[in-house]
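Written out below as structure tokens is the structure these notes cover.
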Amino acid sequence: MLMVQYLVIGAGEVDLFTDPHENTTETLLQLLRAAVSPEPEADGSVLFGHLRGTVVGLRYYTGVVNRGEMVGLVRQPQNQHDRNAVMVANIYGNQVGHIKRELAAAMAYVMDNNLAKVEGVVPSGTNNSFTMPVMLSFWGKEEHKATVNEFMARRGFKLNTSGNLHIVLSFQLRNSFDNLFEGLMESKDGEKEAAKAVGTPLLPHQKQALSWMCARENKSGLPPFWEKRGELYYNSLTCFSAKEIPERVRGGILADDMGLGKTLTTIALILTNFHQGKPLPVEKCVSVVEGISGDSSDVMEIMDKPDKSKNRFSSPCFYLVCLSDLNTTVILVLQYTPMNKHQMYKFCAESSIIESAEDLSARTTLIIAPLSVLSNWLDQFEQHVHPDVKLNVYLYYGSARNRSKKFLSSQDVVITTYNVLSADFSCKSKSPLHGIDWLRIVLDEGHIIRNPNAQTSKAVLDLKAQRRWILSGTPIQNSVKDLWMLLAFLRLKPFDVREWWNRVIQRPVTLGDRAGVQNLQTLVKCITLRRTKTSEVNGRPLVFLPEKTVCVEQVELSRTEREEYELARNEGRNTIRRYVAEGTVLRNYADVLAILMRLRQHCCHPDLLAKTLSELGAGATPAELRERLIEKLRLVLASGSDEECSVCLDSVQLPVITHCAHVYCRPCIAQVISTEQVHDTARCPLCRSEIKTSELVEFPQEEVEEENTPNSEKWRTSSKVQALMGNLLRLRCEDSSIKCLVVSQFTRFLTILENPLREHGFTFVRLDGTMSQKKRTRVIQEFQSTAADSPAIMLLSLKAGGVGLNLTAASHVFLMDPAWNPATEEQCIDRCHRLGQKRKVVVTKFIVKDSVEEKMVEIQRGKQDLVEKAFGSTNSDRKTSRIDDIKALMEL
DNA sequence: ACCGCCGGGTGCC
DNA sequence: ACCGCCGGGTGCC
């Protein structure tokens, strides 16, 4: 019940109590179910046609709509008068009326059976006080089109399939076009000085970001696409209007490239912008001499006059002090806290005395970050908060974490991880994080929540806060879809409800509508600040980064290696050729990946192959089948292909493999199965084989990658290893202080590389995904150390650690094998080519000549082009492009 | 007149 | 609702 109430608030500023006739809770639950459930995606839907219908009963409800406004159609199966009822609501969820009975009966069948989704636009608005027309458009899967149109026609409602609805739509879009620049009026150019409590001077672009962030938190302009029309506020995209000023998003997305100081800027924001633009009152640790010149007339004693004959500060006492510091005169209450030998005083700024109780209720900023960057946050607070300032930062992590709401909300900053938050959320009533009204929430690497089905995302969405920020170097990774969750988190109305997002942004964009793309851009620009490493302020680059050169070093295979490679290639090519001819490439995707994988391993080192070749025969028993599937799952995940789940189009989380060997996130495929099962047997979204929940195979928990360390007696080299060692030895001669990253997707290759490194007396450390957080931090510290005996080389698994890792001690990067996704490589390079790098960065990519690796590089290039075009690639595009990729890789 | 016509009452689902 | 529909009152022109 708690959840229901909260969601109601989340869906829009709905007044629960104005109209007793409205069954608001039920209505909104349905809207929200539509928003959260994996309804047939807008981008997969086709228009069946449209129909002019009638909305009746207007006089019974308070919801008002304008000419051209979009309305929501919600089934009301519980309606006492008619179980076919379809209610009409505006964007805030206020009921406008009902669909006329006969039409509602027909629509109810179509809607309840998920044959189509119906959307409405009211061409005339509520002129008439009794009824009004509504333009209904039916959307759904192609295969349901005929069924729906026939059914509706039989009931006497013939869908019009020639397009006059587009007139309505384009009218709306042109309408919004006029206001395109309104949201951009807010200048991003101003600079703001940070509060004194920030110990590190900000760079100009960081002051700019601070200024922008403060403005976003404090100013109360209208959100994008809203304008004032007389007494009302009007949304030009949905044509919705409201009496109350639409709540502005207090926060946004800081999407600067990594290395530009998002963390520092955020710390500055926390210290600089408390309530009403005033700095956060913080405890100051000052010595007696500095803090108060005892005779100063500025100091007014207000309590318990200290006995001057004794130690002046022997007992707790309070002073009222006026200081002309911090640009403004501030009255401070000083409290002596006797436990610290350095004479600690607690300063409470004037604001905290005068402020209303309401403001005081929220003082804490909650920072949620991936585990890998937790320590970075703590370091940065340590580093950037002025040493005289005692900021209360609490790390909410570990089993001994303090779960007291009172304690947490008295902190200045609480830091936690997505996992902890998500774990707490699973028992929501007990989650202290969900019981606090935060001043501000900061999501570090906020793109983590872009899959709305993920438990973590739900946990994040359910937090209460006045201000919300997303920090992310890559806010859009795959498609426009990624953005929805971010906007929902920011409570960007009305797009936090999925239907309006789909109708106004997502569908127009996926259909290639230019105005749709414009609107999206406007929307994003309004709430996002993004600078890249190459951006400039006043004609100067933001940061001075040393030059970076990337060179490809071709590796020639030895004769034996070449022979083995060609053998494997021909065999694989025949298999894939057969799949292509049969049209079963996707059905045999795991096999295809296995073939490619083997070729890629051949290019690196023959010993990589040993294990994966142990293909079991045609296993007949379920146990054997399971074993093989686990093996394939391992293969798919280890292949570094950045496998994405075809349901959420995101990289797989909680991977499971189907019997047809396709990998999905467990929640995603479970949802697909439960939805499809209702009418039919569930089918694999990729190859249409029948699938069952009970047959999903996941990675066994106990499965720990047992390193069959190739013992050094049997150790042999390979052409690629030789190429690397040649470079490393040369570099060591040139300058022994140079540090290198040696990167591979195959952790077993890293293990193999340990042999020649030891042989040649290199000191090295290793960082891969299997290491505990503690070990990681230690390894990074060791490597970053400038001590003479510190490691010169880091063996790094491509995906380890994720973004945010700081490896600036290295200036040379060796990418041992190409990745499918060039962004992964870029991210990896950026770990050393970032703020703090003093040397020129040299990146060497090893590519085996005449091999699958060369083909991969070609495809990479193609994908980057695609990424630059940004939007538009649909799911089916992806599938065909993937098959094309495979063909190209095998030169078919 | 087991009709038509008139005019008042009435009105979502 | 300046409608449609219902049902009661009414009944040549």
Side-chain angles (χ1 to χ4, degrees), chain A residues 4 7-8 11-12 14-35 37 39 48 50-140 148 151-159 238-242 497 499-500 503:
Chain A
V4 171
L7 286 174
V8 166
V14 178
D15 189 341
L16 279 167
F17 306 107
T18 45
D19 191 338
H21 299 290
E22 282 183 39
N23 195 345
T24 318
T25 308
E26 181 194 313
T27 298
L28 284 161
L29 266 181
Q30 297 200 28
L31 281 175
L32 281 155
R33 202 175 305 139
S37 75
E39 61 184 81
F48 293 172
H50 37 266
L51 179 67
R52 197 185 161 97
T54 311
V55 187
V56 294
L58 303 188
R59 65 169 147 158
Y60 297 100
Y61 308 100
T62 52
V64 183
V65 285
N66 296 306
R67 183 184 153 75
E69 183 169 334
M70 294 183 175
V71 289
L73 300 162
V74 185
R75 279 280 290 118
Q76 273 185 330
Q78 307 303 333
N79 189 298
Q80 291 176 22
H81 308 278
D82 181 357
R83 60 184 177 79
N84 290 324
V86 176
M87 85 139 209
V88 180
N90 70 20
I91 286 189
Y92 275 13
N94 292 327
Q95 181 161 5
V96 175
H98 280 105
I99 293 292
K100 211 164 151 41
R101 195 181 203 106
E102 300 77 13
L103 177 55
M107 282 170 63
Y109 175 82
V110 169
M111 291 167 85
D112 293 349
N113 291 298
N114 270 323
L115 296 172
K117 177 139 179 46
V118 190
E119 298 179 353
V121 172
V122 287
S124 62
T126 13
N127 294 330
N128 182 315
S129 48
F130 302 97
T131 67
M132 69 179 165
V134 57
M135 270 308 217
L136 301 171
S137 46
F138 289 63
W139 299 80
V148 169
F151 176 83
M152 293 302 291
R154 226 181 306 133
R155 297 285 191 112
F157 303 103
K158 196 155 163 36
L159 293 193
T238 61
C239 297
F240 176 70
S241 64
V497 171
E499 175 172 355
W500 309 117
R503 287 177 65 175

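So you know, we letter chains A, B, ... as the sequences are listed, proteins then strands, and number each from 1.
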> What pairs with A:R101 under salt bridge (charged side-chain N to carboxylate O under 4.0 Å, His left out), at least two apart in sequence or on another chain?
Replying inline: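 A:D82.
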
> Can a side chain N or O of A:R83 be found less than 4.0 Å away from OP1 or OP2 on B:dC13?
Replying inline: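 So the side chain of A:R83 is outside the cut-off, no N or O lying under 4.0 Å from OP1 or OP2 of B:dC13.
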
>> Between the base of B:dC13 and the side chain of A:N79, is there a donor and acceptor pair under 3.5 angstrom?
In response: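 In this structure, the two groups form a donor-acceptor pair.
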
> Considering only heavy atoms and no angle criterion, is a donor-acceptor pair shorter than 3.5 Å present between the side chain of A:Y61 and the base of B:dC12?
Replying inline: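 Answer yes: a donor N or O sits under 3.5 Å from an acceptor.
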
> Does B:dC3 have a Watson-Crick or wobble partner in any strand here, with both distances under 3.5 angstrom, and which is it?
Replying inline: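 Here B:dC3 is engaged in a pair, and the nucleotide opposite it is C:dG11.
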
Grab the [atom1]-[atom2] distance between [X] and [N] for me, whole Å please.
X	N	atom1	atom2	answer
A:R101	B:dC12	CZ	C1'	9 Å
A:K100	B:dG11	NZ	P	15 Å
A:Y60	B:dG11	OH	P	7 Å
A:F130	C:dG4	CZ	C1'	13 Å
A:H81	B:dG11	NE2	C1'	14 Å
A:D82	B:dG11	CG	C1'	16 Å
A:E102	C:dG4	CD	P	15 Å
A:M132	B:dG11	CE	P	21 Å

>> Applying side-chain contact (heavy atoms from CB on, under 4.5 Å) to A:V74 and A:V86, what does each step give before you reach the verdict?
In response: CA-CA 5 Å; A:V74 185; A:V86 176; over 6 Å; no

>> Can you list everything that forms a side-chain contact (heavy atoms from CB on, under 4.5 Å) with A:A116? Sequence neighbours excluded, please.
In response: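 Expected list: A:F48, A:V110, A:F138, A:V148.
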
>> For a quick check of understanding: with a heavy-atom distance under 4.0 Å over all strands, which category does A:L58 fall into, base, sugar-phosphate or nothing?
In response: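 No contact.
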
> Between B:dA1 and B:dC5, how far is it from one P atom to the other, in whole Å?
Replying inline: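 It works out to 16 Å between them.
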
> What interatomic distance, in whole Å, is found between C1' of C:dC13 and the corresponding atom of B:dC2?
Replying inline: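 Nearest-Å result for B:dC2 against C:dC13 at atom C1': 25 Å.
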
>> Go through it in stages, so that I can follow the logic: the residues are A:L103 and A:L51, the test is side-chain contact (heavy atoms from CB on, under 4.5 Å), and I'd like the CA-CA distance, side-chain angles, deciding distance and then a yes or no.
In response: CA-CA 10 Å; A:L103 177 55; A:L51 179 67; 3.7 Å; yes

> Taking the inter-plane angle between the rings of A:Y61 and A:H98 on a 0 to 90° scale, is it parallel (under 30°), tilted (30 to 60°) or perpendicular (over 60°)?
Replying inline: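 A:Y61 vs A:H98 ring planes: perpendicular.
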
